[in-house]
Amino acid sequence: MRLGNKPLGFVINFLLGVAWAAVLIGAVTSFLSFYHNSFFFAIISAFVGALPGLVAVLLLEHIITNKEKHLELKKQTKLLEQILREKEKHPLK
């Protein structure tokens, strides 16, 4: 789990697993539906069948990345405020 918030991290990781399952199911069912016509057409349809799941994976990864970025910026802000307080206590001459 990459996110610090346990319930939110659980939900997002669960949805990420569902999205990957949708990729697999979409690709396999599309491929198996059209492989008797043409192998090339089956490959193309498998890619098209996997697209909705791939979009969901990208969206969830974007959410995770932005959340991690936000948490890191909060840490940096806290450290910078600490440095500023220390500097105000002991100004250089």
Side-chain angles (χ1 to χ4, degrees):
M1 240 186 245
R2 295 185 278 180
L3 296 175
N5 189 350
K6 299 275 187 218
L8 178 63
F10 176 77
V11 170
I12 289 180
N13 284 324
F14 177 77
L15 291 175
L16 196 55
V18 170
W20 277 114
V23 169
L24 183 64
I25 290 170
V28 170
T29 57
S30 295
F31 180 82
L32 292 177
S33 295
F34 294 105
Y35 81 93
H36 60 279
N37 292 341
S38 164
F39 186 73
F40 178 73
F41 187 63
I43 295 291
I44 298 298
S45 66
F47 177 71
V48 171
L51 276 179
L54 288 173
V55 169
V57 168
L58 285 175
L59 179 66
L60 289 166
E61 287 292 339
H62 179 70
I63 290 169
I64 290 170
T65 304
N66 278 345
K67 184 70 173 167
E68 287 176 339
K69 182 178 172 184
H70 177 70
L71 292 173
E72 189 63 32
L73 286 173
K74 283 173 68 174
K75 288 180 194 175
Q76 289 177 7
T77 302
K78 185 178 177 181
L79 287 172
L80 287 172
E81 287 173 349
Q82 230 176 11
I83 291 170
L84 182 62
R85 270 188 257 119
E86 289 294 321
K87 230 177 183 182
E88 287 173 350
K89 283 183 185 177
H90 308 289
L92 295 175
K93 294 182 181 180

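Heavy atoms only: backbone and side chains are in, while hydrogens, waters and symmetry mates are out.
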Donor-acceptor contacts, no H, no angles, side chain residues 22-30, under 3.5 Å, sequence neighbours left out:
unit_1, atom_1, unit_2, atom_2, d
T29, OG1, I25, O, 2.7
T29, OG1, G26, O, 3.4
S30, OG, G26, O, 2.8

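- With sequence neighbours excluded, the residues that form a side-chain hydrogen bond (donor to acceptor under 3.5 Å, both in side chains) with H62 are N66.
- In this structure F14 satisfies the side-chain contact (heavy atoms from CB on, under 4.5 Å) test together with V18, sequence neighbours excluded.
- Under the side-chain hydrogen bond (donor to acceptor under 3.5 Å, both in side chains) criterion, N37 pairs with no residue, sequence neighbours left out.
- A search for ring-ring contact (aromatic ring centres under 6.0 Å, His included) contacts involving F39 returns F31, not counting sequence neighbours.
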Quiz item: Where do L8 and K67 land on the side-chain contact (heavy atoms from CB on, under 4.5 Å) test, with the steps shown first?
Solution: CA-CA 10 Å; L8 178 63; K67 184 70 173 167; 3.9 Å; yes
Do any side-chain atoms of residues 46-56 form donor-acceptor pairs under 3.5 angstrom with protein atoms, and if so which ones, sequence neighbours left out?
none

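- Note that CG of L59 and CD1 of I63 are 4.5 Å apart. Values are rounded to the nearest 0.5 Å.
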Would you tabulate the side-chain donor-acceptor contacts of residues 79-86 under 3.5 Å, counting partners in other chains and residues two or more places apart, or write 'none'?
none

Quiz prompt | Audit row: E72, Q76, side-chain contact (heavy atoms from CB on, under 4.5 Å) steps and yes/no | solution = CA-CA 6 Å; E72 189 63 32; Q76 289 177 7; 3.9 Å; yes
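- Contacts of F41 classified as ring-ring contact (aromatic ring centres under 6.0 Å, His included), with partners at least two apart in sequence or in another chain: F34.
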